[in-house]
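Worksheet for the structure shown next.
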There are 2 protein chains.
Amino acid sequence: MAEASESPAGERRRDAAATRRRLLDAARDLFAERGYEGATVREIAERAGANQALLFRYFGSKQGLLTEVVAQGGLEQFRATPPEELFETALRSMLTSSAAGTADRSLEVYLRSIGRGDDATGTLRELGERYQRALAELSGAKDGALRADLAMAWLLGIGLMRTVVAREPLASADPDTVCRLVVDTLDHLWSDAEREAP
Amino acid sequence: MAEASESPAGERRRDAAATRRRLLDAARDLFAERGYEGATVREIAERAGANQALLFRYFGSKQGLLTEVVAQGGLEQFRATPPEELFETALRSMLTSSAAGTADRSLEVYLRSIGRGDDATGTLRELGERYQRALAELSGAKDGALRADLAMAWLLGIGLMRTVVAREPLASADPDTVCRLVVDTLDHLWSDAEREAP
DNA sequence: TACCGTTGTAAGCAGCTGCTTACATCCGGG
DNA sequence: CCCGGATGTAAGCAGCTGCTTACAACGGTA
């Protein structure tokens, strides 16, 4: 109803919603590339082709921007994935994405941002907890939560080595090969669990 | 020969070597706590009880300080450990240290600093490569290097979850329990390797 | 047409960063 | 004693950070 009623291709000369969207996308990519602290609001605004004052008008603060990025990217993706596919999906995403434009780069944001006890940590922690709970239920063991943590640790560690440190041969390794190695190995972690807590 | 010849307990009012040492120790702890970028030269100098100008006189730059911290901490510890004990030693160190005063906090420095493509990355990469080479030789498989990367990824990921994110129950879990779970599971990674490359 | 809230802009603020400079002070060897 | 390098200090620099303010331009509505 309050939509564009003029421009042929839906382009408006002044369009708050579109500007907001561009800021969100630019922030998502820059947070994933440089981490929360590493990305500056000036850079984000520039990549979005917007004035940086608008960033604060629409999101209040840099921290508010992060919150919205995580909410729209990571949590949506999380809800859309059935639990039993969660780990492999996340691993594959971690192994393949690393390119601007991908919808869910929240795990990259996560691992590039948790370097110190800054503002970002709190916002990102919630995302991690959801993953943990879902994974923990997959293993029926009493220490399922611990094993879920260990699985997540491996997931993040692999992302760390691949996208941040860019260590070879991991960085260039075939995603399928890596995925199979990891999933097969982790199967033992789950089956050991069952053996201990029948 | 150019030593102290006065003070009873070896204390000198002006002692460059001691000041250097204090700066090095303070830097080691602060880098481990806040990461390379998060620790400021003012903080380091203050904790060392020294003037920050001395930091630049002795180490040239903040980056030079990091180089020396890694050289004295991580590499020494690395050389002192036989390869077959390397992974478990590093894992235990990661699970237990996290307290100021510990000699080797280089893995903490490592994982808290690799958040973006900054100066620290290059200096820290060498440390990682040494670990990889040593671990790769343990597995006789042709893709030993890849599997070594995966093991290191898990190691770092666990450190990330435990000391940085402080995720429960991993953060408070008994080091022995965690260590056994991980080492047992990784055994499958090594034995699978042997099966494939006999 | 005249108006007024929405959208966009330029400039600047205080605080922090790594690093440098100019200057006190110590202290051992001549 | 006393000089000169070694050691320690205070102040400041330019550049960056997140964020704010004052203002211009648009465009739907009355």
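Just so we're on the same page: letters track the sequence lines, and every chain starts at 1.
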Main-chain N/O of A:A39 paired with A:K62 side-chain donor or acceptor, under 3.5 Å: yes
Whether B:Y36 side chain and B:Q63 backbone form a donor-acceptor pair below 3.5 Å: yes
B:T19 vs D:dG8: side-chain N/O to OP1/OP2 distance below 4.0 Å: yes
Side-chain N or O of B:Y58 closer than 4.0 Å to phosphate OP1/OP2 of D:dG8: yes
In whole angstrom, give the distance that lies between atom [atom1] of [X] and atom [atom2] of [N].
| X | N | atom1 | atom2 | result |
| --- | --- | --- | --- | --- |
| B:F59 | C:dG18 | CZ | C1' | 16 Å |
| B:R34 | C:dG18 | CZ | C1' | 17 Å |
| B:E43 | C:dG15 | CD | P | 18 Å |
| A:R14 | C:dG5 | CZ | P | 14 Å |
| A:L54 | C:dA11 | CG | P | 16 Å |
| B:D15 | C:dT25 | CG | C1' | 16 Å |

Non-neighbouring partners of B:E43 that pass side chain to side chain donor-acceptor pair (under 3.5 Å), sequence neighbours left out: B:R34
Residues that B:T177 engages under side chain to side chain donor-acceptor pair (under 3.5 Å), provided they are two or more places apart: B:D174
A:V41 vs A:F56 side-chain heavy atoms within contact, under 4.5 Å: yes
Set of residues satisfying side chain to side chain contact (heavy atoms under 4.5 Å, CB included) with respect to A:R57, sequence neighbours excluded: A:L54
With A:E168 via side chain to side chain contact (heavy atoms under 4.5 Å, CB included) - residues at least two apart: A:A171, A:S172
Spacing of CG belonging to B:D176 relative to CG belonging to B:L95, to within rounding of 0.5 Å: 9.0 Å
Degree of bending, the helix from C:dT1-D:dA30 to C:dG30-D:dC1 (end axes from five pairs; round to 10°): 30°
Do any N or O atoms of the protein come closer than 3.5 Å to N or O atoms of nucleotides 19-23 of chain D, and which pairs are they?
from   : atom 1 : to    : atom 2 : distance (Å)
D:dC19 : OP2    : A:K62 : N      : 2.7
D:dC19 : N4     : A:Q52 : OE1    : 3.1
D:dC19 : N4     : A:Q52 : NE2    : 3.0

